[in-house]
Amino acid sequence: MSSIANDHDVISSLPDTVLCHILSFIPTTEAVATSVLSKRWTHLWRSVPSLNICDVNLDDLEDYCRFNDFVYSVLLARNNTSIKSSIFNIWYDDPHLGRLGFPNVIKWINSIVQRGLERLEMCVGMVEDNLQLPISILSCRTLVVLDVSGFTVKGFSSVRLPSLKILRVQDSIFLNARDLLLLLTGCPILEDLYACNLQSQSEDSLSYQECESLSLSKLIKAQMPHTFCHFPLKALRNVNELCIEINKVYRCFDEIPTFHNLTKSKLHSINYNWNLLVQVLNHCPNLQHIELSQGTDYGGGKRDNDQENWVDPISVPQCISLHLKTCTLWYFRGQQGCKNCLLGSCFFL
């Protein structure tokens, strides 16, 4: 039995499409290395529908040159074959290498977005300010998933991402809140938004017309922790899961929509604005799970001199009396001598 197994290479007998699919889950360096296994594998890596440049750390000029030659040779060897998925996770230890290398990264991105790219994960780091996001990404009509980290997003006048369903942007900088809205406006079928630790360089306020222009009608899930730029809540009205720094993104002239589908919510940075909290809860009739944070996990709510300004609401929000199942509180300070008041107010859960 063992001799039969040794004589028959089951893996190599699989169809090319199956083998290429398997190779798409490993780094490109390892996929290329399979070419030495046998004649059957010599050119197989050229048709793998992914380009995964993962966990590359460039220490010196020799590493830099060798890495650049490798990526260019891979792209040239593939000719015009499609690339459905790509990961770029590169760190330049030397800022000089970063300044030399990033123009090459832009060329690689410009090449693959024209090859039917559907998924892109991109994190390019160096010891200095954030790098500018390659603008060609924002007009890739085939892109379904975009995950970028550590970039400055600027220099674009329009966004055309008609197929994008999942957008993850973190540790990035926008020139102003309008640029973030412009990015989202170009994603008409977006379903899942994760925007973490976003900042804007200017403290501009969006006009009523600009807020009204953003419609994310397909959005189901929106998570925006540690994002401090103004964002219209009305654009999030269809979500069933929401995480937001409420006091940072809300402006007094904004309309609070009714979140009919919302069942799970995290509202951070309350900043003792109980009136706003009650307003939001009154617009969440079907809420079942809520997490409230006075500050953030950076300790923003742990202040000694805040004065309580709680005023009992006229009526209990519908979600609390009918649907709420769990309530989690972070970084709140109780009033002195009222150790049990919080438990008493949550007894209905």
Side-chain angles (χ1 to χ4, degrees), residues 19-37 41-128 130-140 142-153 161 164 166-172 194:
L19 293 176
C20 287
H21 179 70
I22 294 172
L23 292 178
S24 69
F25 292 98
I26 65 175
T28 297
T29 51
E30 296 178 15
V32 173
T34 63
S35 62
V36 303
L37 295 177
W41 292 80
T42 301
H43 302 292
L44 201 59
W45 64 269
R46 300 176 185 231
S47 301
V48 174
S50 67
L51 180 65
N52 297 332
I53 309 299
C54 305
D55 300 322
V56 175
N57 196 309
L58 302 176
D59 298 318
D60 52 42
L61 188 59
E62 183 179 351
D63 283 348
Y64 163 81
C65 293
R66 186 164 52 245
F67 170 69
N68 278 1
D69 290 344
F70 170 76
V71 178
Y72 275 116
S73 64
V74 167
L75 290 173
L76 289 173
R78 295 181 60 97
N79 297 319
N80 292 320
T81 53
S82 63
I83 298 176
K84 298 295 184 182
S85 174
S86 184
I87 299 174
F88 285 91
N89 189 339
I90 308 167
W91 179 263
Y92 296 95
D93 281 340
D94 185 335
H96 175 65
L97 294 181
R99 287 187 288 271
L100 286 176
F102 192 62
N104 291 314
V105 175
I106 294 177
K107 292 178 182 178
W108 301 334
I109 295 295
N110 292 343
S111 172
I112 64 175
V113 295
Q114 301 174 15
R115 302 190 183 191
L117 188 66
E118 296 178 1
R119 182 185 187 96
L120 174 62
E121 298 179 30
M122 189 174 178
C123 178
V124 180
M126 54 190 289
V127 189
E128 61 176 31
N130 290 13
L131 301 166
Q132 183 174 340
L133 185 73
I135 300 303
S136 60
I137 295 174
L138 302 182
S139 58
C140 181
T142 57
L143 206 57
V144 177
V145 179
L146 176 60
D147 186 338
V148 295
S149 177
F151 286 94
T152 296
V153 186
L161 296 169
L164 196 72
I166 300 175
L167 174 62
R168 297 177 62 88
V169 186
Q170 52 188 324
D171 301 321
S172 296
Y194 181 81

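Keep in mind that the numbers below use all heavy atoms, side chains included, and drop hydrogens, waters and symmetry copies.
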Q.
Before you tell me yes or no, could you show the steps for V113 and L143 under side chain to side chain contact (heavy atoms under 4.5 Å, CB included), namely the whole-Å CA-CA distance, both residues' side-chain angles and the distance that decides it to 0.1 Å?
A. CA-CA 8 Å; V113 295; L143 206 57; over 6 Å; no
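Between the side chain of S172 and the backbone N or O of Q170, at least one donor-acceptor pair lies under 3.5 Å. Side-chain N or O atoms of D171 include none that pairs as donor or acceptor with a backbone N or O of S149 at under 3.5 Å.
With rounding to the nearest 0.5 angstrom, the CG atom of L97 is 12.0 Å from the CD1 atom of I90. R115 contributes atom CZ, which lies 5.5 Å from atom CG of L75 (distance to the nearest 0.5 angstrom). For the atom pair CG (L117) and OG (S82), the distance works out to 10.0 Å, reported to the nearest 0.5 Å. Atom CZ in R99 sits 7.5 Å away from atom CG in D94 (nearest 0.5 Å). For the atom pair Y64 OH and Y92 OH, the distance stands at 6.5 Å (nearest 0.5 Å). With rounding to the nearest 0.5 angstrom, the OH atom of Y194 is 9.5 Å from the CG atom of D147.
Not a single salt bridge (charged side-chain N to carboxylate O under 4.0 Å, His left out) links R46 to another residue, sequence neighbours left out. R119 meets the salt bridge (charged side-chain N to carboxylate O under 4.0 Å, His left out) test with E121; sequence neighbours excluded.
No side-chain heavy atom of F88 sits under 4.5 Å from any side-chain heavy atom of V56. In this structure, W41 and L23 have side chains that are in contact, with non-hydrogen atoms separated by less than 4.5 Å. Side-chain contact check for N57 versus D55: every heavy-atom pair is 4.5 Å or farther apart. Inter-residue side-chain proximity for I53 and W108 is flagged as unmet; no heavy-atom pair is nearer than 4.5 Å. Between L44 and S35, every side-chain heavy-atom pair lies at or beyond the 4.5 Å cut-off.
Contact check on D63 versus R66 returns a salt bridge, with a Lys/Arg side-chain nitrogen under 4.0 Å from an Asp/Glu carboxylate oxygen.
Minimum heavy-atom separation, I87 to C54: CG2-SG, 4.1 Å. Minimum interatomic distance between L146 and V148 (heavy atoms only, all atoms of both residues): CD1-CG1, 3.7 Å. The heavy-atom pair separating I109 from P134 by the smallest distance is CG2-CB, 4.1 Å. In this structure, N52 and T28 approach most closely via the heavy-atom pair N-OG1, 2.7 Å. In terms of heavy atoms, A77 sits closest to W45 at CB-CH2, 3.5 Å. In this structure, S50 and R78 approach most closely via the heavy-atom pair O-NH1, 3.9 Å.
Taking the six-membered ring for Trp, F25 and H21 have ring centres closer than 6.0 Å.
At a cut-off of 3.5 Å, with distance as the only test, a side-chain donor of Y72 or N104 sits close to an acceptor on the other residue.
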